Amino acid sequence: MSDKSLAARAPSGTHDVLWPESTRWEGLLARFADQVERAGYGMTHTPIFEDVKVFRRGIGEGSDVVGKEMYEFEDRGGRTLALRPEGTAPMVRAFVQHRPPLPWKAWYATPAFRYERPQAGRYRQHHQLGVEALGPSDPDLDVEVIGLADGYFRSLGLSQFTLRINSMGDDTCRPAYLEQLTSYLAGRRSELCDEHRDRLEANPLRALDCKRDACRQATDGAPGFADHLCEDCSAHFARVRAGLDAQGVPYVLDHRLVRGFDYYTRTTFEFGSDALESAQNGIGGGGRYDGLVEMLGGPPTPGIGFGMGIERILLACDAEGVFGIDPPVLDAFVVDTTGGTSARDLTATLRANGLSADRAFDDRSMKAQFKLADRSGARWVLIVGPDEAASGTVSLRPLRGAGDQQTVAVADVVGTIQSAMADIPGEAPAP
RNA sequence: GUGGCCGUAGCUCAGUUGGUCAGAGCGCCGGGUUGUGAUCCCGGAGGCCGCGGGUUCGAACCCCGUCGGUCACCCCA
């Protein structure tokens with residue numbers, strides 16, 4: 001009995017990742033782990049939900065994410081929890097709780113939840129990869145973190161993306177800048193779009209990032225943060241840019257770059273795909289958050305990190321035609337037309353000897369079994385028909401590449417395949 | 001959350017101002033004379049046309065609602 005009112009589909013804004021698409025996810029993860037671990041970052045797991053205060057205090061009450069996008073709920077014990085809307089605050093909370101030695105360099109892969117109107121590239125449950133580096137205030141660390149993101153994207157084959165960077169100053173220079181910006185905008189209050197006219201005092205920075213023409217024009221001559229940094233912030237930012245230049249990491253300065261979380265200080269950056277038509281083209285972003293550890297109850301500890309969205313990276317890869325799905329690969333596929341017992345035992349033997357092997361079930365026709373063998377990407381098909389069964393042999397037929405079909409004794413099957421594979425560079429089975 | 005567009009077999013889609021229109025390609029399954037896939041040929045299974053109401057003699061095609069997708073805004077990964 002089917003029940004159409006019970007829609008058998010994932011909730012709005014969520015999605016399943018089936019094979020073989022999932023192989024891309026695995027590849028993405030493996031590549032990321034390889035790159036950041038070579039830079040000294042260690043994999044870190046934190047809970048998928050936290051006390052809601054971790055996000056309220058960390059990301060900021062005024063942010064859209066906290067204000068209207070959190071999956072907040074009360075558990076049976078009356079605790080108010082929230083599914084993590086991003087990765088940094090939980091990581092910093094874990095740091096404050098455990099106080100690992102500095103510098104603490106960690107990476108994560110996690111789902112993130114935000115209640116937004118779904119769109120292509122924007123999901124209510126999406127997945128992020130990221131790193132956090134706590135301890136040093138050294139601008140060279142900024143360069144390292146940004147460079148890791150840039151290098152990772154390039155290693156996937158992506159090239160059509162733009163890195164934008166800005167500095168948002170610190171407690172020393174930000175108040176003065178905000179004052180200047182506010183008074184500048186106040187003078188042009190009537191030119192701003194409705195929304196930002198109302199929010200001018202609450203969050204003047206937002207107007208800089210507005211896409212409407214009205215705000216665009218009104219803010220064209222607005223003072224840029226980069227020109228109003230204090231001495232320390234200015235020197236820091238200069239060193240970051242020099243480092244990126246030295247490492248050949250291309251970027252553009254963007255004084256309109258305003259990130260949505262309250263915890264950012266000094267360096268902020270965003271990677272946007274130029275291959276994606278959609279407005280949802282941000283594939284990664286991050287920045288320094290020198291005050292966040294304190295906000296979450298820890299000792300003054302600078303930090304910087306980035307997060308990137310797996311779904312959007314994949315969309316960008318599709319748009320650029322890179323990092324495609326690897327075809328399935330199997331060492332052997334057993335075709336058995338004698339009832340299946342040979343297939344049963346042969347696959348077990350092959351697997352026990354480190355080879356990958358599969359077979360058909362339900363006693364299908366030889367033609368059907370061969371089609372499955374072909375689809376499996378198997379290098380060899382092991383055929384067991386009446387003749388082989390009677391003589392205790394197996395016919396070994398290469399499905400891909402050169403070679404003739406040969407008949408070998410059952411006892412020699414594993415050895416024959418292993419030695420054949422040893423002749424092919426890079427295809428030797430795991431010991 | 002606001003506004004626009006869309007929702008037909010597993011996938012991509014065609015369906016004439018509502019009346020044999022429930023279809024195609026791909027995929028899947030089976031067969032092509034008794035042991036060999038990816039090509040080719042033949043055949044087959046699968047949709048109450050997202051769901052629920054309404055209008056009508058009659059709706060996949062019209063109206064309302066709802067769910068989902070998508071685009072822009074918002075915001076971000």
Side-chain angles (χ1 to χ4, degrees), chain A residues 2-15 18 59 62-69 84-88 109-130 149 153 193-196 199 203 206 209-213 215 257-261 270-273 276-286 306-316 327 333 335-338 360 362 364-389 395-400 404-405 407:
Chain A
S2 68
D3 178 1
K4 293 230 169 183
S5 66
L6 180 108
R9 60 181 167 200
S12 177
T14 69
H15 63 111
L18 272 40
I59 300 171
S63 69
D64 280 18
V65 166
V66 167
K68 53 189 190 187
E69 295 176 0
R84 51 175 21 188
E86 58 100 48
T88 297
T110 179
F113 306 84
R114 292 180 201 168
Y115 192 85
E116 300 179 276
R117 186 81 170 266
Q119 231 172 287
R122 191 169 74 183
Y123 300 91
R124 289 181 174 174
Q125 176 180 340
H126 67 277
H127 299 80
Q128 292 193 19
L129 296 171
F153 290 139
C193 72
D194 298 345
E195 204 164 327
H196 292 105
R199 287 207 211 147
N203 204 337
R206 278 272 182 280
D209 205 28
C210 184
K211 284 172 190 158
R212 297 202 178 90
D213 287 341
C215 281
L257 177 58
V258 175
R259 308 224 79 227
F261 303 154
E270 250 176 50
F271 289 87
S273 170
L276 294 178
E277 301 287 331
S278 163
Q280 265 65 52
N281 68 346
I283 53 177
F306 66 70
M308 42 180 72
I310 291 180
E311 285 86 349
R312 289 194 188 167
I313 291 173
L314 254 15
L315 284 177
F333 194 97
V335 168
D336 177 358
T337 59
T338 66
D362 293 330
R364 302 247 259 145
S365 71
M366 175 166 262
K367 177 172 184 152
Q369 293 193 47
F370 260 88
K371 289 180 99 164
L372 290 174
D374 186 53
R375 202 189 300 163
S376 76
R379 293 187 183 79
W380 282 279
V381 174
L382 314 197
I383 307 155
V384 181
D387 294 348
E388 289 86 350
S395 289
L396 199 56
R397 175 187 166 87
L399 255 196
R400 305 184 328 194
D404 296 322
Q405 185 166 317
T407 300

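Keep in mind that this is a model prediction, so the values were computed, not measured. Order of the sequence lines fixes the chain letters, A, B, ..., with proteins taken first and strands second; residue numbering starts at 1 for each chain. Side chains are part of it too, since the values below use all heavy atoms of this structure and drop only hydrogens, waters and symmetry mates.
- Rounded to whole angstrom, the span from the CZ atom of A:Arg124 across to the P atom of B:U70 amounts to 11 Å.
- Looking only at side-chain heavy atoms (C-beta outward), A:Ile383 and A:Phe370 come within less than 4.5 Å of each other.
- Expressed to the nearest 0.5 Å, how far OH of A:Tyr123 lies from CD1 of A:Ile310 amounts to 12.0 Å.
- The side chain of A:Ile383 approaches B:U36 more closely than any other nucleotide in the set B:C75, B:A77, B:U36.
- If you take atom P in B:C48 and the same atom in B:C41, they sit 30 Å apart, rounded to whole Å.
- The same atom, P, is picked in B:C71 and in B:G19; the two are 34 Å apart, to the nearest Å.
- At a threshold of 4.0 angstrom between heavy atoms, the contacts of A:Gly121 include nucleobase atoms, whether or not backbone atoms are also involved.
- The phosphate of B:C75 has neither OP1 nor OP2 within less than 4.0 Å of any side-chain N or O from A:Ser63.
- In this structure, of B:U36, B:C29, B:A38, it is B:A38 that holds the atom nearest to the side chain of A:Asp374.
- A:Asp387 places its CG atom 15 Å from the P atom of B:U34, with the value rounded to the nearest Å.
- The OH-P distance, from A:Tyr115 to B:G1, rounds to 5 Å in whole Å.
- Of the two residues near RNA chain B, A:Pro11 and A:Val65, the one whose nearest nucleotide lies more 5' is A:Pro11.
- A donor-acceptor contact under 3.5 angstrom links the side-chain atoms of A:Glu388 to the base of B:G35.
- For the P atom pair drawn from B:U56 and B:C13, the interatomic distance equals 36 Å after rounding to whole Å.
- Taking the C1' atoms as reference points, B:A22 lies 11 Å from B:A14, given to the whole Å.
- For the P atoms, the distance from B:G69 to B:C11 is 15 Å, rounded to whole Å.
- OP1 or OP2 of B:A77 sits under 4.0 Å from a side-chain N or O of A:Arg259.
- The separation between A:Glu69 atom CD and B:U2 atom P is 14 Å, rounded to whole Å.
- Here A:Gly272 lies out of heavy-atom contact (under 4.0 Å) with every strand.
- Judged by Watson-Crick or G-U wobble contacts below 3.5 Å, the nucleotide B:G37 has no partner.
- Nearest to the side chain of A:Gln280, among B:U36, B:A77, B:C74, sits B:C74.
- Residue A:Phe271 is classed as having no contact, given no heavy-atom separation below 4.0 Å to the nucleic acid.
- Spacing between B:U16 and B:G52 at atom C1', rounded to whole Å, works out to 28 Å.
- The backbone N or O of A:Gly13 sits nowhere less than 3.5 Å from a side-chain atom of A:Gln125 that would complete a donor-acceptor pair.
- Closest contact between the side chain of A:Gln119 and the listed nucleotides B:G35, B:C29, B:C71 involves B:C71.
- Nucleic acid contact class of A:Glu86 (heavy atoms, under 4.0 Å, all strands): none.
- Rounded to whole Å, atom P of B:A77 lies 12 Å from atom CD1 of A:Ile283.
- The base of B:G3 is paired with the side chain of A:Arg117 by a donor and an acceptor separated by under 3.5 Å.
- Separation of the C1' atoms belonging to B:C63 and B:C28 is 39 Å when rounded to the nearest angstrom.
- Stacking here means ring centres nearer than 5.5 Å and ring planes tilted less than 30 degrees, and by that measure A:His127 does not stack onto B:A77.
- Annotation: of the two residues near RNA chain B, A:Gly285 and A:Pro386, the 5′-most nearest-nucleotide partner is A:Pro386.
- Residues A:Phe333 and A:Asp374 have side chains not in contact (no heavy-atom distance under 4.5 Å, counting atoms from C-beta outward).
- Taking a pair to require two hydrogen-bonding distances under 3.5 Å in either a Watson-Crick or a G-U wobble arrangement, B:C51 pairs with B:G65.
- At least one donor-acceptor pair closer than 3.5 Å links the side chain of A:Gln369 to the backbone N or O of A:Arg364.
- Applying the 4.0 Å criterion to OP1 and OP2 of B:C74, one finds that A:Arg122 has every side-chain N and O outside that range.
- The glycosidic torsion of B:G46 lies within 90° of 0, which places this base in the syn conformation.
- Side chain of A:Arg124 to backbone of A:Pro118: no donor-acceptor contact under 3.5 angstrom is found.
- Taking every side-chain heavy atom of A:Ser278 into account, B:A72 is the closest of B:A72, B:C74, B:A77.
- With both ends at atom C1', the span from B:C26 to B:U70 equals 24 Å, rounded to whole Å.
- Among the protein residues, A:Ala368 comes within range of the sugar-phosphate backbone only, with heavy atoms under 4.0 Å from sugar or phosphate atoms but none that close to a base.
- Between A:Pro398 and A:Trp380, some side-chain heavy-atom pair lies under the 4.5 Å cut-off.
- For A:Gln369 against B:U36, no side-chain N or O and base N or O form a donor-acceptor pair under 3.5 Å.
- Formation of a donor-acceptor pair under 3.5 Å by the A:Arg397 side chain with backbone atoms of A:Val381 is not found in this model.
- The shortest non-hydrogen separation linking A:Met308 to A:Ile283 is CB-O, 3.2 Å.
- If you take CG of A:Leu396 and P of B:U36, they are 18 Å apart, rounded to a whole angstrom.
- In this structure, B:C74 makes no Watson-Crick or G-U wobble pair, since no nucleotide meets both defining distances under 3.5 angstrom.
- For A:Arg364 and B:C29, the CZ to C1' distance is 7 Å, given to the nearest whole Å.
- Side-chain N/O atoms of A:Ser12 include none lying less than 4.0 angstrom from OP1 or OP2 on B:C67.
- Taking a pair to require two hydrogen-bonding distances under 3.5 Å in either a Watson-Crick or a G-U wobble arrangement, B:G44 pairs with B:C28.
- Using a 4.0 Å heavy-atom distance criterion, A:Ala373 is classed as making no nucleic acid contact.
- Distance NZ (A:Lys367) to C1' (B:U39): 11 Å, rounded to an integer number of Å.
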